[in-house]
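We count ligands from 1, going down the list as the structure has it; atoms in each ligand are counted the same way.
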Amino acid sequence: MAKRITTRKLVQMKQAGERIAMITAYDYPIARLLDEAGVHMLLVGDSLGMVVQGHDSTIPVTLDHMVYHASLVSRAAERALVVADLPFLTYQVSAEQALQSAARLMQEGGAHAVKLEGGGEMAHTVRRLVDSGIPVMGHLGLTPQSVHALGGFTVQGRTRNAAERLLADAMALEEAGAFSLVLEMVPAEVAGLIRRKLTIPVIGIGAGPDCDGQVLVFHDMMGLTSGYIPRHNKVYAQLADVIRQAAAAYCTEVAEGTFPGDGQTIRLKPEEREALRDLLEEAPATPAR
Ligand code: KIV
């Protein structure tokens, strides 16, 4: 069995200039494939609210949902570090609340680490989690749980003030003990500055190439998302077309009666047929197809 990626290994990768690949995962079969493909971290993101549950934000996602999906992913991941999001308002009330929520993600969900959104104002909570043995990943820039306060899914850190605030928040999270940081929708120059100032890995999404690693949302990168797709996304496969074509072929074969064919059909052995002969002969002939 492959050796598990650890938070220490991720810091070593940053030091060695090796880039880190993270992808979101929400269920067992996909997590298994991503793990086999060599993805370093699987993020059970609360983006599942949008790409799996069909909501228009991450806000409706509950801790129970996250625990459930984390348990599916962690069961599949043999090598990747599994990070699970703390969903909206399950950690902002108090450090104690955060501790209890994170405990569920790890004990019931099997996650190895948790991610939370927010900067300096979350430093005390991050410290409390880290002191309790819970690895924490920060998340700055566009923080989707604050989409209504931010006024939409917009780029953050464009002005001097905003860039300085981002840097201060990033440093506060590192100081509080976070093992890594996601930077979402931040200009590449600002992300690069933050990466150089921090010793912990900075994982970008819409933050340009000058990060220690990248993360993409599985459904976006595999062409499974309908509707709005962020500009920073790259589509690596058009799975929607593959699935649509396969389902249409199945519908055609069912309609034509060519599925199931001989290969997918279970038949009685001659002696079994003989034993059922009178019963089978009782049924009226079906109309010819
Ligand atoms: O929930 C999520 O998928 C995320 C990524 C966009 C980083 O937080």
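- With respect to Val73, the side chain to side chain contact (heavy atoms under 4.5 Å, CB included) criterion is satisfied by exactly one of Leu42, Val83, Leu43: Leu42.
- A salt bridge between Arg195 and Asp212 is present, with a side-chain N of the basic residue lying under 4.0 Å from a carboxylate O of the acidic one.
- To the nearest 0.5 Å, atoms OG1 (Thr24) and CG (Leu34) are separated by 8.0 Å.
- Note: His219 and Tyr26 have tilted aromatic rings, judged against thresholds of 30 and 60 degrees for the angle between ring planes.
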Please produce the table of protein N or O atoms sitting under 3.5 Å from N or O atoms belonging to ligand 1, one pair a line, distance to 0.1 Å.
from: ligand 1; atom 1: 1 (O); to: Asp46; atom 2: N; distance (Å): 3.2
from: ligand 1; atom 1: 1 (O); to: Asp46; atom 2: OD1; distance (Å): 3.1
from: ligand 1; atom 1: 1 (O); to: Ser47; atom 2: N; distance (Å): 3.0
from: ligand 1; atom 1: 1 (O); to: Ser47; atom 2: OG; distance (Å): 3.3
from: ligand 1; atom 1: 1 (O); to: Asp85; atom 2: OD2; distance (Å): 3.1
from: ligand 1; atom 1: 3 (O); to: Ser47; atom 2: OG; distance (Å): 2.5
from: ligand 1; atom 1: 8 (O); to: Lys115; atom 2: NZ; distance (Å): 2.8

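- Partners of Arg104 by salt bridge (charged side-chain N to carboxylate O under 4.0 Å, His left out), not counting sequence neighbours, listed by chain and number: Asp64, Glu108.
- Arg196 and Asp210 are joined by a salt bridge, as a carboxylate oxygen and a charged side-chain nitrogen come within less than 4.0 angstrom of each other.
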